[in-house]
Amino acid sequence: MPLKKAAPDFLLLILIFSLLALGLIMVYSASAIWADYNFDDSFYFFKRQLLFAGLGIFAMFFTMKIDYWTWRTWAKVLVILCFILLIAVLIPGVGNVRNGSRSWIGIGAFSIQPSEFMKLGMIIFLARFLSTHQKNITSFKRGLLPSLSIVLFAFGLIMLQPDLGTATVMVGTCIVMIFVSGAKISHFLTLGFIGFIGFIGLIASAPYRIRRITAFLDPWQDPTGDGFQIIQSLYAIGPGGLFGLGLGQSRQKFFYLPEPQTDFIFAILAEELGFIGGSFVLLLFALLLWRGIRIALNAPDLYGSLLAVGIISMIAIQVMINIGVVTGLIPVTGITLPFFSYGGSSLTIMLAAVGILLNISRYARI
């Protein structure tokens, strides 16, 4: 158990607040037109995001104060609660349907997304399991199979909503954690092949996913249907050029790009701030990844290292998928850009996770 506590990583804290501040600015810029048209209040989404940011900052400082090994004690309870929420959201009348997915539970005027809680809950649980059973991780039956079983069970529940994007981030994060803990590459190659076949099956089982693949390959085959979002996203990024059209000067947010304050907010950022602005944001994320890796490498115990790996991997995977979708490098899937996209559950949980990472940094020699 770590004994000597220092100040949290100051650079990491600065990076988080920088990303959060830029995110709030872009939420207002991207959403003002939509908000004014739909709610007669151009600040509608900004005010709600500001509230979520406040809750998230509170959660971040709260988790930063809690010694990270405390989560190890409560790991089983947390993951069980996350499973209960995932099951509850599937019950008609409890879970709310949005854009074809039953992924939200309404609480008064707000709603929570249980799959976002599961991402962090699974990281905490898996870090405990892998650190406890690390000597068995090279064994498929005693190490790899038990850890993957619970991950795949959570994956199945999330896919029943369905939410392929969030499920992919969770599984990708867990695979990174399992790999770092010392699992055999031969096991990963075998499971990777099986997983690839299963992924193809998931795509083939839903017509809308097939249409997304088709739209990804050639969005101009259906420019007003499945290819509409990616075309409008590229129309936003292209004119941005080197320096952009200027903050607040986006054209695509005028009812061309649907709900620009959510998954495609980076397209509006690139249009308004250009290549320079987009590259600066990516640089901030790269620095965040670097600090997270340093914390993981210098954590005082295996549990802290795996916990840090899980948190920073979750952020990195979400960023890569979101940017890949927005720039047309991968098919469209509903993944938020951390600290930027509008959404309460995503922002609050992400900041709470960073708080845990900051607590680990208090014991890491960095």
Side-chain angles (χ1 to χ4, degrees), residues 14-57 99 110 219 223-224 228-288 315 318-319 321-329 332 334-348 350-351:
I14 292 297
L15 289 169
I16 295 303
F17 277 111
S18 298
L19 288 166
L20 189 58
L22 285 171
L24 286 168
I25 292 170
M26 289 312 305
V27 164
Y28 173 72
S29 181
S31 68
I33 303 301
W34 280 78
D36 188 53
Y37 179 80
N38 290 292
F39 303 100
D40 294 320
D41 180 6
S42 61
F43 287 90
Y44 177 82
F45 291 107
F46 173 79
K47 288 187 293 188
R48 292 167 72 91
Q49 187 75 346
L50 188 61
L51 174 61
F52 297 145
L55 291 173
I57 291 172
N99 299 321
F110 297 93
T224 60
F228 184 77
Q229 258 189 320
I230 184 59
I231 289 174
Q232 298 306 317
S233 178
L234 295 175
Y235 280 163
I237 295 171
L242 188 61
F243 298 103
L245 302 178
L247 185 63
Q249 301 303 309
S250 166
R251 299 165 186 154
Q252 292 304 106
K253 66 185 179 184
F254 282 84
F255 311 107
Y256 293 104
L257 185 60
E259 298 190 42
Q261 73 276 7
T262 56
D263 300 345
F264 281 80
I265 195 170
F266 188 79
I268 303 300
L269 185 149
E271 184 183 13
E272 294 188 347
L273 304 182
F275 177 80
I276 299 297
S279 297
F280 177 70
V281 170
L282 293 180
L283 176 62
L284 291 179
F285 278 119
L287 290 172
L288 178 64
I315 296 172
Q318 277 200 215
V319 170
I321 292 178
N322 180 274
I323 301 298
V325 167
V326 169
T327 55
L329 296 175
V332 173
I335 288 294
T336 58
L337 182 62
F339 312 113
F340 277 81
S341 296
Y342 173 79
S345 295
S346 175
L347 181 60
T348 304
M350 195 64 70
L351 286 170

Which residue pairs satisfy the salt bridge (Lys or Arg N to Asp or Glu O under 4.0 Å) criterion with at least one member in residues 234-244, sequence neighbours excluded?
none
Going by side chain to side chain contact (heavy atoms under 4.5 Å, CB included), name the residues that satisfy it together with F254, two or more places apart in sequence or in a different chain.
I33, Y256
Run the side-chain hydrogen bond (donor to acceptor under 3.5 Å, both in side chains) test against Q229 and tell me which residues pass, sequence neighbours left out.
none
Can you name the residues that form a side-chain hydrogen bond (donor to acceptor under 3.5 Å, both in side chains) with Q318, not counting sequence neighbours?
K119, T336
Grab the two heavy atoms, one from V332 and one from V325, that are nearest each other, plus how far apart they are.
CA-CG1, 3.7 Å
Is there any salt bridge (Lys or Arg N to Asp or Glu O under 4.0 Å) pair reaching into residues 21-36, and which pairs are they, with sequence neighbours excluded?
none
Among residues at least two apart in sequence or on other chains, which ones pass ring pair (Phe, Tyr, Trp, His ring centres under 6.0 Å) with F285?
none
Rounded to the nearest 0.5 Å, what separation is found between the CG atom of L15 and the CG atom of L288?
6.0 Å
With a 4.5 Å cut-off on side-chain heavy atoms, are F52 and S346 touching?
no
Enumerate, atom names and distances included, each donor-acceptor pair closer than 3.5 Å involving a side-chain atom of residues 259-269, sequence neighbours excluded.
residue, atom, partner, partner atom, Å
T262, OG1, E259, O, 2.8

Would you mind writing out the side-chain donor-acceptor pairs for residues 20-27 within the sub-3.5 Å range, not counting sequence neighbours?
none

Would you compute the distance between atom CG of L347 and atom CG of L337 and round it to the nearest 0.5 angstrom?
11.0 Å
Derivation of the side-chain contact (heavy atoms from CB on, under 4.5 Å) call for V281 and F340:
CA-CA 10 Å; V281 170; F340 277 81; 3.8 Å; yes
Rounded to the nearest 0.5 Å, what separation is found between the CD1 atom of I335 and the CG atom of N322?
8.0 Å
Evaluate whether atom CZ of F280 has more than 12 neighbouring non-hydrogen atoms of other residues, nucleotides or ligands under 6.0 angstrom away.
no
Could you give all pairs that pass the side chain to side chain donor-acceptor pair (under 3.5 Å) test and reach residues 15-35, with sequence neighbours left out?
S29-K253, S29-E272
With sequence neighbours excluded, residues passing salt bridge (charged side-chain N to carboxylate O under 4.0 Å, His left out) with D41:
K47
How about F255: does its CZ atom have over 12 heavy atoms from other parts shown lying under 6.0 Å from it?
yes
Flag the pair F339 / L351 as yes when at least one side-chain heavy-atom distance between them is below 4.5 Å, and no otherwise.
yes
Roughly how far apart are I57 CD1 and I16 CD1, rounded to 0.5 Å?
10.5 Å
Got a list of side-chain donor-acceptor pairs under 3.5 Å for residues 230-249, not counting sequence neighbours?
residue, atom, partner, partner atom, Å
Q232, OE1, Q252, NE2, 2.6
S233, OG, V326, O, 2.7

